[in-house]
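Single-structure report; data block below.
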Amino acid sequence: MSSPFILLNYKTYLQGTGQGAVEIAKACKEVSEESGIEIAVAPQLPDIYRVASEVEIPVFSQHLDGIGAGSFTGHVFGKAIKEAGAVGTLINHSERRLTLAEIEASLKSAKEFGLRTVICTNNVPTTAAAAALGPDYVAIEPPELIGSGIPVSKADPEVVSGSVKAVAKIDPAVKVLCGAGISKGEDLRAALDLGSQGVLLASGIVKAADPKAALEELISLV
Ligand code: G3P
């Protein structure tokens, strides 16, 4: 199988805020270069420009609104994200839920600006629905396991394998990631063995005392 994709969501963790966002990105870049595994980061929106300017690493937005240029106060515009240096975006994270119409509009905007797209989902049916929209990735994350330290790939392997199967039927070009509670090498290994093509993760790395060491452990069984 091809090398996995690892996407590190900083959420609003203090450790990943401001200069911390840059430091964690540097650790990701080092581990990525040492291992040859693609590692991308999703800092908070105001930190995208800073991270993208200071570290040569794929940067994703944590959110994108399906709006265009004009009269839209307080929205996240795809062109602004792109010009800030992002190469992709999360859409519909469990902590930033959207309606189906909003997901479709965000996806359209992201594609218009050439951004890679990751639609987050919470179960097999929503994963199937998201895949039908044609993103680059869907990321299945059972909300109850997010931030729990209990890995989805071990606690709920069926939701991962079920998502992989459902997506393959709908659009084999869409890649499947999984996330929630992933932090150890064995969690990533189990995810890959279930057919996932990578992981979306946060607390296990961002909150680690030594994020670089945590990342090295994460990829140790790939
Ligand atoms: O976006 C990643 C996520 O929601 C999983 O969080 O802390 O369980 O790795 P965590």
Side-chain angles (χ1 to χ4, degrees), residues 4-17 20-21 24-25 27-28 31 37-45 47-48 51 57-64 76 81 86-98 103 106 110 115-123 126-127 130 135-157 159-160 163 175-192 194 196-219:
F5 175 49
I6 294 174
L7 178 50
L8 183 60
N9 178 5
Y10 291 8
K11 306 197 174 185
T12 58
Y13 287 123
L14 271 183
Q15 295 90 332
T17 301
I24 294 175
C28 291
V31 176
I37 293 172
E38 184 180 25
I39 304 178
V41 295
Q44 290 166 66
L45 301 171
D47 288 326
I48 289 177
V51 173
I57 188 166
V59 178
F60 279 58
S61 177
Q62 293 182 13
H63 171 70
L64 182 65
V76 181
I81 290 304
V87 299
T89 187
L90 295 178
I91 295 171
N92 192 47
H93 193 281
S94 277
E95 294 156 3
R96 191 64 175 86
R97 277 270 174 257
L98 301 175
I103 293 170
S106 291
L115 295 164
R116 291 163 68 185
T117 49
V118 180
I119 301 183
C120 302
T121 59
N122 59 329
N123 55 33
T126 59
T127 304
D136 296 305
Y137 295 90
V138 289
I140 167 70
E141 299 196 317
E144 66 281 8
L145 295 175
I146 291 177
S148 68
I150 303 168
V152 60
S153 50
K154 290 190 165 173
D156 196 353
V159 82
V160 181
S163 293
K175 301 185 186 78
V176 179
L177 307 177
C178 68
I182 304 280
S183 66
K184 302 275 178 256
E186 60 198 54
D187 308 339
L188 173 57
R189 182 67 263 163
L192 300 178
L194 290 165
S196 175
Q197 283 154 296
V199 287
L200 173 59
L201 79 171
S203 53
I205 306 295
V206 178
K207 291 172 75 183
D210 182 344
K212 184 173 180 206
L215 278 166
E216 284 168 341
E217 206 285 322
L218 176 75
I219 60 161

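In each ligand, atom 1 is the first atom listed, and ligand 1 is the first ligand listed. One is the number of the first residue; the rest follow in order along the sequence.
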Identity and distance of the protein heavy atom lying nearest atom 1 (O) of ligand 1: His93 NE2, 2.8 Å
List the closest protein heavy-atom neighbour of atom 2 (C) of ligand 1: residue, atom name, distance to the nearest 0.1 Å. Glu141 OE2, 3.0 Å
Starting from atom 9 (O) of ligand 1, locate the nearest protein heavy atom and write down its residue, its atom name and how far away it is, to 0.1 Å. Ala202 N, 2.9 Å
Atom indices of ligand 1 within 4.0 angstrom of Ala180 heavy atoms, with elements: 5 (C), 8 (O)
Atoms of ligand 1, numbered as shown, that sit under 4.0 Å from any heavy atom of Gly147: 7 (O), 8 (O), 10 (P)
Check for me whether Lys11 has a heavy atom closer than 4.0 Å to any atom of ligand 1. yes
Evaluate Gly181 for polar contact with ligand 1, using N/O atom pairs at a separation under 3.5 Å. yes
Side chains of Glu141 and Asn9 in contact at under 4.5 Å (non-hydrogen atoms): no
Nearest heavy-atom approach of Ala208 to Gly204 is CB-O, 3.5 Å
Donor-acceptor under 3.5 Å (Gln62 side chain, Ala42 main chain): yes
Any N/O pair Asn9/ligand 1 closer than 3.5 Å: yes
List ligand 1 atoms under 4.0 Å from Ile146, heavy atoms only on the residue side. 4 (O), 6 (O), 8 (O)
A side-chain contact here means heavy atoms from C-beta on lying under 4.5 Å apart; do His63 and Leu98 qualify? yes
Less than 4.0 angstrom from a charged side-chain N to a carboxylate O is my criterion; do Glu38 and Arg116 meet it? yes
I'd like to know whether ligand 1 has Gly179 as a neighbour, heavy-atom separation below 4.0 Å. no
Distance to 0.1 Å, residue and atom name: give those for the protein heavy atom nearest to atom 7 (O) of ligand 1. Ser203 OG, 2.4 Å
Crowding at NZ, Lys212 (>12 non-hydrogen neighbours, <6.0 Å): yes
Please say which of Ile6, Asp187, Val152, Leu8 ends up in a side chain to side chain contact (heavy atoms under 4.5 Å, CB included) with Val199. Ile6
Take a 6.0 Å sphere around NZ of Lys11 and say whether it holds more than 12 heavy atoms from other residues, nucleotides or ligands. yes
